[in-house]
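Index from 1, following the sequence. Atoms considered below: every heavy atom in the structure, side chains included; atoms not considered: hydrogens, waters and symmetry mates.
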Amino acid sequence: MSQTVKLILEDGTEIEGTSFGAFTSSAGEVVFSTAMTGYPENLTDPSFAGQILVLTYPMVGNYGVPGEELYESISRIFESDKIHIAGLVVNYYSEEHSHWNAAKSLGDWLKEYNIPGIFGVDTRMLTKILREKGAMLGKIVAEEDVPLHDPNLENLVAQVSPAEVKHYGHGQHKIVLVDCGTKTNIIRCFLERDVELIRVPWDYDFTQLDYDGLFLSNGPGDPKMCTATIQHLQTALGQDKPIFGICLGSQLMGLAAGGDTFKLKYGHRSHNQPVLLTGTKRSFITSQNHGFAVDTATLPSEWTMLFENLNDGTCEGIKHKTKPFFSTQFHPEAAGGPEDTEYLFDEFLTAVAEYKEGKVQAE
């Protein structure tokens, strides 16, 4: 038996649809993604914490949800250990699914985590509203109404970051991963490259650790909430050990360097964002999920933009002009999405090897 629910936006827009997943009410920031596939990866991406996600691709749920598989104590399939979105909005929900590794339906998966979904929504019309007016607060209302809630006023990173230090691998390079809500595929990409990975909480003082390179992960919300991370990163920028940041990690690097960040009108969330490597004619199609960006005009003179978004000209990464520090606003690890830029992990580890070699020679 179908149950009717409503999606209500802060501008007063009300859209009626049919419930799937958990029949419950939820509030958050309404954002859209133009990715055509990859909803198991998207829904488990911690960067979506606190957000009601609108999927623009019309049919969702037709390939179900795969069963869990573990690799080195982490998921081989999902991007974290749970669903992070506050709600899901789709045009057509396929109640029947078919795929060789499907273990359950999308609706049943949402029910497990008490996440509401709504379908029968004109997502093209809804996306047009969000593009013109910007991402806005909203709520999915079932039986009981709930107040609007702005997740960006909370330290979402503190909610999704682990509480303790974890170790992975036994490779030749020792990398510290500052987990602000990391996607699991970032860990997989490092382990495939034979490293020892030390995964630390967002506010952990990693400057006291012995490591060869520093990695700053993706994560949700306003980067300016991560004051502890920024302070530790400022100390690291005073040294010469290579640093690589992705997504929120790029924004944190910009802030620690002395620059500023700003909230995008509706963000970049898709698997098809074109970026240009600055100073070249080389472009890439990238996977992205973020609502904030670095204001390159505020960066100190020793920093420069590394990648530029070809749709709106915003910063897609920064680098230091003389030290081995760089970042990308997009996701080189993809999952899901194009893997065109995964080579950046190799470039980072090459910089780590060169740093270690130079350090040994200097000693």
Side-chain angles (χ1 to χ4, degrees), residues 40-41 44-47 49 66-84 157-220 226 228-229 232-233 236 239 241-250 252-253 287 289 324-328 331-337 339 341-356:
E41 294 89 346
T44 53
D45 180 353
S47 294
E68 179 64 287
E69 297 178 23
L70 294 181
Y71 159 73
E72 293 281 349
S73 77
I74 59 172
S75 174
R76 189 182 293 274
I77 298 171
F78 303 116
E79 294 309 298
S80 69
D81 59 1
K82 68 176 185 179
I83 297 176
H84 285 277
V157 167
Q159 298 176 22
V160 301
S161 181
E164 58 187 20
V165 177
K166 299 181 181 180
H167 295 258
Y168 307 90
H170 302 280
Q172 58 179 327
H173 302 312
K174 188 180 294 185
I175 306 299
V176 167
L177 185 161
V178 182
D179 187 345
C180 297
T182 190
K183 290 174 62 181
T184 307
N185 203 42
I186 289 173
I187 300 174
R188 297 187 206 109
C189 284
F190 275 120
L191 293 181
E192 289 168 1
R193 288 164 172 80
D194 191 30
V195 304
E196 177 184 347
L197 201 62
I198 306 171
R199 182 182 185 182
V200 303
W202 71 280
D203 57 351
Y204 189 89
D205 186 2
F206 55 81
T207 63
Q208 304 302 311
L209 298 176
D210 175 30
Y211 64 90
D212 303 317
L214 178 66
F215 178 85
L216 312 167
S217 86
N218 63 291
C226 303
T229 317
H232 299 322
L233 183 53
Q239 303 171 353
K241 293 181 181 180
I243 306 175
F244 179 21
I246 286 178
C247 199
L248 181 77
S250 182
L252 294 175
M253 189 178 291
S287 178
N289 177 13
F325 309 151
F326 73 97
S327 68
T328 67
H331 286 270
E333 83 288 349
E339 301 174 352
T341 56
E342 192 177 319
Y343 75 91
L344 292 169
F345 285 93
D346 299 313
E347 290 200 351
F348 171 59
L349 294 177
T350 296
V352 169
E354 291 174 348
Y355 164 76
K356 292 172 65 178

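The heavy-atom pair separating Lys183 from Ala334 by the smallest distance is NZ-O, 2.5 Å. When all heavy atoms are compared, the tightest approach of Trp202 to Ala228 is CZ3-CB, 4.1 Å. Between Leu248 and Cys180 the shortest heavy-atom distance is CD2-CB, 3.6 Å. The minimum heavy-atom distance linking Gly337 with Ser287 is given by the pair CA-CB, 4.3 Å. Residues Ala335 and Glu79 approach most closely at CB-OE2, 3.5 Å, considering heavy atoms. Shortest non-hydrogen contact noted between Met253 and Leu216 is CE-CD1, 4.1 Å.
A donor-acceptor contact closer than 3.5 angstrom is absent between the side chains of Ser75 and Glu69.
Looking only at side-chain heavy atoms (C-beta outward), Arg188 and Ile74 come within less than 4.5 Å of each other. By the 4.5 Å heavy-atom criterion applied to side chains, Asn185 and Cys189 are counted as neighbours. Under the 4.5 Å side-chain criterion, counting only non-hydrogen atoms from C-beta, Pro162 is not in contact with Tyr204. Counting heavy atoms from C-beta outward, Tyr168 and Ser73 have side chains that approach closer than 4.5 Å. For the pair Val176/Val200, a side-chain contact is recorded, criterion being any heavy-atom separation below 4.5 Å from C-beta on. Inter-residue side-chain proximity for Phe78 and Pro66 is flagged as met; some heavy-atom pair is nearer than 4.5 Å. In this structure, Ile175 and Leu214 have side chains that are not in contact, with every pair of non-hydrogen atoms separated by 4.5 Å or more. Contact of the Asp45 side chain with the Ser80 side chain is not registered, since no non-hydrogen atoms from C-beta on lie closer than 4.5 Å.
Put simply, CD1 on Ile198 and NZ on Lys166 are 14.5 Å apart, with the number rounded to the nearest 0.5 Å. The line from CZ of Phe326 to CZ of Phe244 is 4.5 Å long, rounded to the nearest 0.5 Å. Remark: Glu41 CD to Asn289 CG distance equals 12.5 Å, nearest 0.5 Å. In this structure, His331 NE2 and Ile186 CD1 are separated by 7.0 Å, a value rounded to the nearest 0.5 Å. Distance check: His167 NE2 to Leu197 CG gives 10.0 Å after rounding to the nearest 0.5 Å. A distance of 8.0 Å separates OG1 in Thr341 from CD in Glu333, rounded to the nearest 0.5 Å.
At distances below 3.5 Å, not a single donor-acceptor pair connects side-chain atoms of Ser161 with backbone N or O atoms of Ala158.
Atom CD of Gln159 has more than 12 neighbouring heavy atoms from other residues, nucleotides or ligands inside a 6.0 Å radius.
Between Phe190 and Phe215, the gap from one ring centroid to the other is short of 6.0 Å.
Here Gln239 pairs with nothing under the side-chain hydrogen bond (donor to acceptor under 3.5 Å, both in side chains) rule; sequence neighbours left out.
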Derivation and outcome, side chain to side chain contact (heavy atoms under 4.5 Å, CB included), residues Leu191 and Tyr71: CA-CA 10 Å; Leu191 293 181; Tyr71 159 73; 3.7 Å; yes
Ser217 vs Leu177, side chain to side chain contact (heavy atoms under 4.5 Å, CB included): CA-CA, chis, key distance, verdict: CA-CA 7 Å; Ser217 86; Leu177 185 161; 4.3 Å; yes
Residue pair Leu252, Leu233: steps toward the side chain to side chain contact (heavy atoms under 4.5 Å, CB included) verdict: CA-CA 8 Å; Leu252 294 175; Leu233 183 53; 4.3 Å; yes
So Thr182 and Asn218, side chain to side chain contact (heavy atoms under 4.5 Å, CB included) or not? Walk me through it. CA-CA 5 Å; Thr182 190; Asn218 63 291; 4.0 Å; yes
Listed pairs under 3.5 Å, donor-acceptor, residues 342-349 side chains, sequence neighbours left out:
{"unit_1": "Glu342", "atom_1": "OE2", "unit_2": "Arg193", "atom_2": "NH1", "d": "3.3"}
{"unit_1": "Glu342", "atom_1": "OE2", "unit_2": "Arg193", "atom_2": "NH2", "d": "3.0"}
{"unit_1": "Asp346", "atom_1": "OD1", "unit_2": "Arg193", "atom_2": "NE", "d": "2.8"}

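Tyr355 does not carry Lys241 over the face of its six-membered ring by the limits of under 6.0 Å from the centre and within 45° of the normal.
Under the side chain to side chain contact (heavy atoms under 4.5 Å, CB included) test applied with Pro46, the options Asp81, Thr184, Val157, Val160 reduce to a single match, Val160.
Under the 4.0 Å criterion applied to side-chain N and carboxylate O atoms, Lys356 and Asp212 are assigned as salt-bridge partners.
Among pairs with a residue in residues 194-205, those fulfilling salt bridge (Lys or Arg N to Asp or Glu O under 4.0 Å) read Asp179-Arg199, at least two apart in sequence or across chains.
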